[in-house]
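Quick notes on the structure that follows.
Heavy atoms only: backbone and side chains are in, while hydrogens, waters and symmetry mates are out. Keep in mind the model is a prediction, meaning the values are calculated, not measured.
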Amino acid sequence: MAVKIVRVLNTNAVVSSDQEGRELIITGAGIGFKKKKGENLDEALADKTYYLESVDDSRRLQEVVKEISEEYLEIVSRIVKTAREEGLKVRDSLYVTLTDHINSAVDRYHENIALKNMMKLEIRKFYPKEYEIGLRAVQWIQEQNDENLGEDEAAFIAMHIVSAELGSESNVDVNKITKLINAVLQIVRIHFKIEFNEKSISYERFLTHLKFFATRVFDNTIYQDSMQEIYKVLIEENEYAYSGVRKIVEYIEKQYSYKLTIDERLYLLIHIKRILDEQSE
């Protein structure tokens, strides 16, 4: 059965549909050349096929691909694949935001406009996996087009990955999240007079928790689980670790007018206890 074209995006990209009626973006050199809606797709020209679960994300991506080279979509596809292989749960919206961003970054490169990423050091420190993927992406762009966007751009790409990873329905401000994470780490460092072992599993788990915790603070969403029953017991058994949680609670309430639930406090306690236990080993 011949595959029909639903719409033509540009010379090298069209939209088709599968047997379940789901829209697919198909790219390939000349695949949309002089083609119209309803005509048969030349499958021999098909190179890459993209399916996004969200209809809204798919339509947004189609609008982006209409205006830019599909080669950036292929690079983003490699970024998404690599991120998921690294265990990062990124949303399909990354295809949309990052394809558009890379196109703009390359345009700026040709205009000799270099943007400094003021959060580069923090991004590299707090989101090492995302930053490493950003560096790889910059390398892929250079290999493909001989355009070296540099480490600042790697950090911008990492920020897009973090935003897609956090799963917030609102526009995630990675700068604000990073500053909050830094503040919480400073509170713990100063209160307990410790230095973190940044290569330890407990530190990595704490950072991961703080990323999603910070998102909830700025979204003003309340995290609820079923841990209230053991809350008092753990506090009584870990009063020293909980003294640091109190400091964090006071800071968050004063700075962001966000009241931490029992569950939020308990998770912070668990992570801080792990770090303190590690320090005493």
Side-chain angles (χ1 to χ4, degrees), residues 1-85 88-111 113 115 133-134 136-149 153 156-157 159-161 163-165 167 169 171-172:
M1 182 178 175
V3 178
K4 301 289 186 182
I5 293 174
V6 173
R7 68 183 63 88
V8 176
L9 299 179
N10 58 43
T11 301
N12 301 318
V14 300
V15 177
S16 184
S17 60
D18 61 14
Q19 293 179 341
E20 297 177 24
R22 300 177 301 185
E23 291 192 345
L24 309 172
I25 299 173
I26 303 175
T27 63
I31 199 169
F33 182 64
K34 292 187 176 179
K35 289 290 186 180
K36 296 179 181 178
K37 176 181 178 180
E39 292 184 353
N40 292 340
L41 176 73
D42 186 345
E43 296 184 60
L45 296 177
D47 181 29
K48 301 284 184 182
T49 300
Y50 304 91
Y51 166 66
L52 276 61
E53 290 188 10
S54 165
V55 174
D56 288 340
D57 284 340
S58 181
R59 289 299 175 93
R60 287 168 59 210
L61 182 57
Q62 290 173 36
E63 291 301 315
V64 170
V65 173
K66 275 184 186 179
E67 305 297 329
I68 69 174
S69 171
E70 72 287 341
E71 64 185 343
Y72 303 130
L73 175 57
E74 184 175 346
I75 289 172
V76 172
S77 179
R78 293 173 71 181
I79 293 170
V80 171
K81 182 174 183 290
T82 303
R84 288 172 175 168
E85 287 174 348
L88 304 178
K89 297 179 180 179
V90 295
R91 294 174 296 155
D92 281 349
S93 58
L94 185 59
Y95 281 103
V96 184
T97 59
L98 197 47
T99 301
D100 187 51
H101 173 82
I102 290 176
N103 178 70
S104 298
V106 172
D107 283 346
R108 288 196 300 272
Y109 175 86
H110 289 301
E111 295 170 2
I113 300 172
L115 297 182
I133 295 169
R136 286 193 227 174
V138 166
Q139 182 181 343
W140 294 332
I141 294 168
Q142 184 172 12
E143 289 170 355
Q144 187 160 304
N145 296 331
D146 197 29
E147 298 154 335
N148 186 358
L149 302 185
E153 185 53 42
F156 282 123
I157 291 172
M159 291 170 74
H160 277 275
I161 296 171
S163 293
E165 184 187 355
E169 291 302 318
N171 293 321
V172 178

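- Contact annotation: the side chain of I133 approaches that of L88 to within less than 4.5 Å [non-hydrogen atoms, C-beta and beyond].
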Would you list the atom pairs, donor with acceptor, under 3.5 Å between side chains in residues 100-109 and any protein atom, with sequence neighbours excluded?
residue, atom, partner, partner atom, Å
H101, ND1, H160, NE2, 3.4
H101, NE2, E153, OE2, 2.4
S104, OG, D100, O, 3.2

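- Across every non-hydrogen atom of G134 and I157, the tightest pair is CA-CG2, 3.9 Å.
- For E111, there are no salt bridge (charged side-chain N to carboxylate O under 4.0 Å, His left out) partners at least two apart in sequence or on another chain.
- Annotation: salt bridge (charged side-chain N to carboxylate O under 4.0 Å, His left out) contacts of E147 (sequence neighbours excluded): none.
- Residues satisfying the side-chain hydrogen bond (donor to acceptor under 3.5 Å, both in side chains) test with S93, not counting sequence neighbours, are none.
- Residues Y72 and V64 are not in side-chain contact: their nearest non-hydrogen atoms beyond the backbone lie 4.5 Å or more apart.
- Residues that satisfy the side-chain hydrogen bond (donor to acceptor under 3.5 Å, both in side chains) test with D57, not counting sequence neighbours, are R60.
- Residues satisfying the side chain to side chain contact (heavy atoms under 4.5 Å, CB included) test with K48, not counting sequence neighbours, are T27, Y50, E74.
- Each of L61, I79, V90 was compared with Y95 under the side-chain contact (heavy atoms from CB on, under 4.5 Å) criterion, and only L61 meets it.
- With sequence neighbours excluded, the residues forming a side-chain hydrogen bond (donor to acceptor under 3.5 Å, both in side chains) with R84 are D92, listed by chain and number.
- Considering only heavy atoms from C-beta on, I161 comes within 4.5 Å of L94 through its side chain.
- Every side chain to side chain contact (heavy atoms under 4.5 Å, CB included) that T49 has, sequence neighbours left out, goes to L24, I26.
- Partners of N148 by side chain to side chain contact (heavy atoms under 4.5 Å, CB included), not counting sequence neighbours, listed by chain and number: V138, Q142.
- Remark: E23 engages R7, R59 in a salt bridge (charged side-chain N to carboxylate O under 4.0 Å, His left out) (not counting sequence neighbours).
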